[in-house]
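Below you'll find the structure, written out as structure tokens, and then a few comments.
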Amino acid sequence: MSGFGAPHCGALRAGDSGRSVELYGWVGRRRDHGGLTFVDLRDRWGTVQVVFNPELAPAAHAAAAALRAEFVIKVTGEVRLRPEGMRNPQLATGEVEVAAERLQVLSESLTPPFQLEDATSADTDEKTRLSYRYLDLRRPEMLRILELRHRVNKIIHTHMDENEFIEVETPILSKTSPSGARDFLVPSRLHRGQVYALPQAPQVQKQLLMVAGVQRYYQIARCFRDENLRADRQPEFTQLDIEMSFGDEEDVFSLVEGLFVRLWRETIGVELPLPFPRLNIRDALLRYGTDKPDLRYELEIAELGPVLVETEAKVFRNALDTGGVVRGLAVPGGSDLSRRELDELAVIARGAGGQGLAWLPGGPLDKFLTAAEIAGIQQATGAAEGDLVLIAADRRRRAETVMGLVRSEVARRRDLIRRDEWRFLWINPTYLFDEDDEGRLTYAHHPFVRPVAEDLEFVEERPYDVRAHAYDIVCNGYELGGGSLRIYDPAMQERVFKLLGMPESTIRERFGYLLEAFNYGVPPHGGIAWGVDRVVMMLAGTENIRDVIAFPKTQSMTDLMMEAPSAPDPELMEELGLRFAPPPGTSRQSGR
RNA sequence: GGUCCCGUGGUGUAGCCUGGCCAAACACGCGGCCCUGUCAAGGCCGAGAACGCCGGUUCGAAUCCGGUCGGGACCGCCA
């Protein structure tokens, strides 16, 4: 018996009427009328109604009485048009039904721990769903996402192939890389005391592939980063990783834009307008308070420092005198915001490490501000009559975070988000250097990012204004990915390392093999990587990355189904030469 | 590392603020019986939770307090 070639339950249509079919699937609902019994039979392609008629097939009808939810069955019968008035327009197969002649139970099921039929993800606690992921995935809603993800992968392969890119696989057992995230380590058995690292991204390998002459590389690559999780972050995730030789930003942009257009068109039937707009990173941080702005609503943040140079309002004075900033945002018609809502916004501000929020008119600061200052604030933020201005004063980075969070919260509360829009944009240009926690010069991306050549003229005087050939792609408030053109001139690379104050030995140790490779004829090259999981999230219309990954981890990085992580086999530990240190805080003294 | 939310039958909720009327209510699901056109089928009957765990307050706690475990959202972190 093989049911592999059998017709799909969900694919039967009026045109199939009269056909004798063998169907395989899972039992959904059973409606037993004493005489007639109806069973919804479900497979990956959908659901069809099977009718058991005691007059037509008494044995099958009798057997159907024992059917329960999620039994796996085989039904033989005839497809026929449903009688007039008994069609079900809710169902793709609703024109027809299958008159069962024979029923075979292939496998029984316990009552599932949660309902699969007519249930959405929101109907069940995620903890339970993840513990029985195989049942959760069985729901049509989830199977559709798996199919969507497959289609996305397929379109990627087609698009990249048509542009003459080839997919090359790179190692999962790799080496600690120069990126900033914490590595997952894999101890080596043959080399005691040494470890492999799981790749955070195939960054170095793809550059080496350019040296190798591959010229156009891509990979749907699994990446691993041991950092704290978020609704859109998992410890292992998938990126479309791309690198090309002899191209510039424009080539990267048009390749990727073309791919996104195709993805949106071929999965959800949406035409994305081209080209994607570009936004300087500094404008993004100022106007939207984030490096991944959501442009589906307006609400722009304004710099208020200039109109407050002489202010005597203490919170503003303090911020400005200590090198901080004051930023404001006009909420259209916001004068109706209740005190309670303002307090809730202030909680969000404090949650981001901020002091709180000021507002006007009607706020506690009104009496400390001059009429001219108030007018200036209103003008800077574009506030009109009936608008409310929300203001944060803090260190620049924190004020940006606070205002960015406030901006998105206001948009959510006031329902300002145009949910049918897809606002892609490139964050470009960005800058080469950033400040680390100690106020020292550090790279904003990674040390191989190519600076804009003409900006190197003032690199000594104004290093922070040196632009980088680097870019991020953002959509609707999500950072989808980013990339850069790389340095291929050893002299320029040398110069950048020097500026960063990296000692020769560190450079050799960390990047030696890459620099060595660069001695043998490096093509100018650059690339990008973007997150497949996040793109599938957007296409699937979910805000939870776990929804688009078959077997995801919880926020505390556990797998509730497999119960991973777990304690290792002591023998294996011995072989690896590993031993766990006692938990922190445990010492001989305190351990009694 | 930090802030916040949640944890009650198989599932989802109510009750918790304003302790006792709660060995806990409702819906779905589950079991049985009836029923030949339903499609969230219908009708009748029935089973099922001492309220995550530990401790405290109290004459008395699902309800208050502390801790802990688990899930989630966010800040830091994630070049």
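Every chain is numbered from 1, with letters handed out A, B, ... down the list of sequences.
In this structure, CG of A/D472 is placed 13 Å from C1' of B/C78, rounded to the nearest angstrom. The distance between atom CG of A/D125 and atom C1' of B/G29, rounded to the nearest whole Å, is 17 Å. Nucleotide B/C4 holds its P atom 17 Å from the CG atom of A/L345, rounded to whole Å. The CZ atom of A/R397 sits 11 Å away from the P atom of B/C75 (whole-angstrom rounding). Remark: P of B/U3 and CG of A/L405 are 17 Å apart, rounded to the nearest angstrom. The CE atom of A/M557 sits 12 Å away from the P atom of B/G71 (whole-angstrom rounding). Atom pair A/R233:CZ and B/G72:P shows a separation of 14 Å (rounding to whole Å applied). Here B/G76 presents its C1' atom at 12 Å from CZ of A/R182, a figure rounded to the nearest Å.
Nucleic acid contact class of A/R80 (heavy atoms, under 4.0 Å, all strands): base. Within the 4.0 angstrom heavy-atom criterion, base atoms lie near A/P83. At the heavy-atom level, A/L130 lies nowhere under 4.0 Å from the strands shown.
With hydrogens and angles ignored, no donor-acceptor pair under 3.5 angstrom links the side chain of A/R68 to the base of B/G29. Between the base of B/G37 and the side chain of A/E97 there is a donor-acceptor pair shorter than 3.5 Å.
Ranking B/C77, B/C28, B/G71 by closeness to the A/R230 side chain, first place goes to B/C77. Among B/G29, B/G1, B/C78, the nucleotide with an atom closest to any side-chain atom of A/N228 is B/G1. Side chain of A/T401, nearest nucleotide from B/C78, B/G76, B/G71: B/G76.
For A/R68, there are no salt bridge (charged side-chain N to carboxylate O under 4.0 Å, His left out) partners at least two apart in sequence or on another chain. Residues satisfying the salt bridge (charged side-chain N to carboxylate O under 4.0 Å, His left out) test with A/K292, not counting sequence neighbours, are none.
Nucleotide B/G48 has no partner under the Watson-Crick or G-U criteria, as no pair reaches both atom distances under 3.5 Å. Pair assignment for B/G55 gives B/C65, based on Watson-Crick or G-U wobble hydrogen-bonding distances that are each under 3.5 Å. Across the strands present, B/A25 finds its partner in B/U13; the criterion is a Watson-Crick or G-U wobble pair with both atom distances under 3.5 angstrom. When both pairing distances are held under 3.5 Å, B/C78 makes no Watson-Crick or G-U pair with any nucleotide shown. B/U3 is paired with B/A73 under the Watson-Crick or G-U wobble criterion, all donor-acceptor distances under 3.5 Å.
A/R282 forms a cation-pi arrangement with A/Y431, by the criterion of a distance under 6.0 Å to the ring centre and an angle within 45° of the ring axis.
At a threshold of 4.0 Å, the pair A/R31-A/D40 counts as salt-bridged, since one of the basic side-chain nitrogens sits closer than that to a carboxylate oxygen. By the 4.0 Å N-to-carboxylate-O rule, A/R80 lies too far from A/E78 to be salt-bridged with it.
Regarding contacts with the backbone of B/G72, a side-chain N or O of A/R546 is found under 4.0 angstrom from either OP1 or OP2. Considering only side-chain N and O atoms, A/T558 lies under 4.0 angstrom from the phosphate OP1 or OP2 of B/G71. Within the structure, a side-chain polar atom (N or O) of A/S556 is placed less than 4.0 Å from OP1 or OP2 of B/G71. For A/T124, no side-chain nitrogen or oxygen approaches OP1 or OP2 of B/C28 to under 4.0 Å.
The aromatic rings of A/F497 and A/F448 stand perpendicular to each other, their planes meeting at an angle above 60°, with 30° marking the opposite boundary. The aromatic rings of A/F253 and A/W426 sit parallel to each other, their planes meeting at less than 30°, with 60° as the upper class boundary.
Here the separation of B/C30 from B/U57, taken at their P atoms, is 46 Å to the nearest Å. Comparing the P positions of B/C17 and B/C64 gives a spacing of 5 Å, expressed to the nearest Å. Comparing B/U18 with B/U11, their C1' atoms are spaced 31 Å from each other, to the whole Å.
Side-chain atoms of A/R396 do not come within 3.5 Å of backbone N or O of A/V325 as any donor-acceptor pair.
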Salt bridge (charged side-chain N to carboxylate O under 4.0 Å, His left out) evaluation trace for A/R13 with A/D16 | CA-CA 5 Å; A/R13 295 293 181 273; A/D16 293 302; over 6 Å; no
In B/S/- notation, 5' to 3', how is nucleotides 39-46 of chain B contacted by protein heavy atoms closer than 4.0 Å?
-> BSB-----
